[in-house]
Amino acid sequence: MEDWTSARQSTTGAAQRAAVRSAEQAVSDAWIGQLVAAEYEAQVAVEICTRVRERLTARLRVAEQVGDPLTIAETRSRLAAADRVCAGALDTYAESRDLLAAQLDRWLHATRLRFRESEDDRRAIGW
């Protein structure tokens, strides 16, 4: 009877630890998913900024060739604003990329640790 009780407690403890590991992994996976999405959105913002800047630069060249002072002034103003927005977008992208890289390292380490704990529990209860 004592062996059965001990085995049951061991199985129950392993099941509880497995449930905790599963929940930890789900939360961790969701966090990484959010970081991946944020990094992607930041990348898209940089791409959009780059396209806007390219169009404004092309428009400025044409206005300079034609000699249209109003269009030149307006386009330079818009280009300066686009430069400021792009600088912010690039900073956001760099920060999100760096955060994702750091968190992926932590996620990988924690996932490996949970996997090893799971293997240890299975060996301890004879699975």
Side-chain angles (χ1 to χ4, degrees):
M1 181 72 167
E2 190 173 306
D3 287 339
W4 182 83
T5 302
S6 176
R8 176 147 169 70
Q9 288 172 343
S10 179
T11 302
T12 301
Q16 291 170 342
R17 287 189 299 275
V20 169
R21 279 193 301 272
S22 182
E24 287 173 343
Q25 191 67 42
V27 169
S28 181
D29 291 350
W31 171 242
I32 291 298
Q34 290 299 309
L35 291 177
V36 168
E39 190 262 352
Y40 174 75
E41 289 172 8
Q43 178 186 358
V44 168
V46 168
E47 291 171 1
I48 291 168
C49 272
T50 301
R51 282 194 298 268
V52 168
R53 282 196 80 263
E54 288 171 353
R55 288 180 183 157
L56 287 169
T57 301
R59 182 178 180 193
L60 180 60
R61 262 186 262 131
V62 169
E64 288 172 340
Q65 289 172 351
V66 174
D68 182 350
L70 290 176
T71 303
I72 291 171
E74 177 190 344
T75 305
R76 281 185 180 158
S77 174
R78 287 183 177 184
L79 190 54
D83 284 343
R84 288 189 297 275
V85 171
C86 283
L90 283 167
D91 289 344
T92 299
Y93 175 61
E95 291 168 7
S96 64
R97 190 186 60 226
D98 291 346
L99 178 60
L100 176 60
Q103 292 295 308
L104 275 172
D105 285 342
R106 292 179 68 192
W107 174 84
L108 180 60
H109 176 74
T111 299
R112 285 180 178 158
L113 183 62
R114 282 190 282 275
F115 181 76
R116 288 183 186 124
E117 290 170 351
S118 177
E119 286 181 323
D120 291 346
D121 280 349
R122 279 189 236 125
R123 275 193 283 277
I125 60 174
W127 282 0

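Predicted model, so just to flag it, every value in this text is computed and none were measured. Here, residue 1 is the first one in the sequence, and each next residue gets the next number.
The shortest non-hydrogen separation linking S28 to W107 is OG-CD1, 2.7 Å. The two atoms that bring Q25 and R114 nearest to each other are OE1-NE, 2.7 Å, heavy atoms only.
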- Q34 and Q103: side-chain contact (heavy atoms from CB on, under 4.5 Å), yes or no, with the steps? CA-CA 11 Å; Q34 290 299 309; Q103 292 295 308; over 6 Å; no
Review point. Could you go step by step and tell me if R17 and E117 meet the salt bridge (charged side-chain N to carboxylate O under 4.0 Å, His left out) rule?
Key: CA-CA 9 Å; R17 287 189 299 275; E117 290 170 351; over 6 Å; no
| said: Evaluate L60 against L56 for side-chain contact (heavy atoms from CB on, under 4.5 Å), listing each step before the verdict. | reply: CA-CA 6 Å; L60 180 60; L56 287 169; over 6 Å; no
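Side-chain heavy atoms closer than 4.5 Å link hydrophobic residues (I, L, V, M, F, W, Y) into clusters, and following such links, possibly through other members, connects L99 to V36. Hydrophobic clustering (side-chain heavy atoms under 4.5 Å, transitive across Ile, Leu, Val, Met, Phe, Trp, Tyr) keeps V85 apart from L90. Side-chain heavy atoms closer than 4.5 Å link hydrophobic residues (I, L, V, M, F, W, Y) into clusters, and following such links, even through other members, never connects V62 to L79. Criterion: ILVMFWY side-chain heavy atoms under 4.5 Å apart, direct or through other members. Under it, W31 and L104 are part of a common hydrophobic cluster.
Residues passing the side-chain contact (heavy atoms from CB on, under 4.5 Å) test with S118 are R21, R122, sequence neighbours excluded. For R78, the side-chain hydrogen bond (donor to acceptor under 3.5 Å, both in side chains) test picks out E74, with sequence neighbours left out.
To the nearest 0.5 Å, atom CD of residue E54 and atom OG1 of residue T57 are 7.5 Å apart. We find the OG-CG distance between S96 and D91 to be 10.5 Å, quoted to the nearest 0.5 Å. For the atom pair CD of E24 and OG1 of T111, the computed distance is 10.0 Å after rounding to the nearest 0.5 Å. Once rounded to the nearest 0.5 Å, the distance linking CZ of R59 with OG1 of T75 reads 4.0 Å.
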For residues 43-50, which side-chain N or O atoms pair as donor and acceptor with protein atoms under 3.5 Å away, sequence neighbours left out?
from	atom 1	to	atom 2	distance (Å)
Q43	NE2	E47	OE2	3.3
T50	OG1	V46	O	2.8

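Between the side chain of S22 and the backbone N or O of A18, no donor-acceptor pair lies under 3.5 Å.
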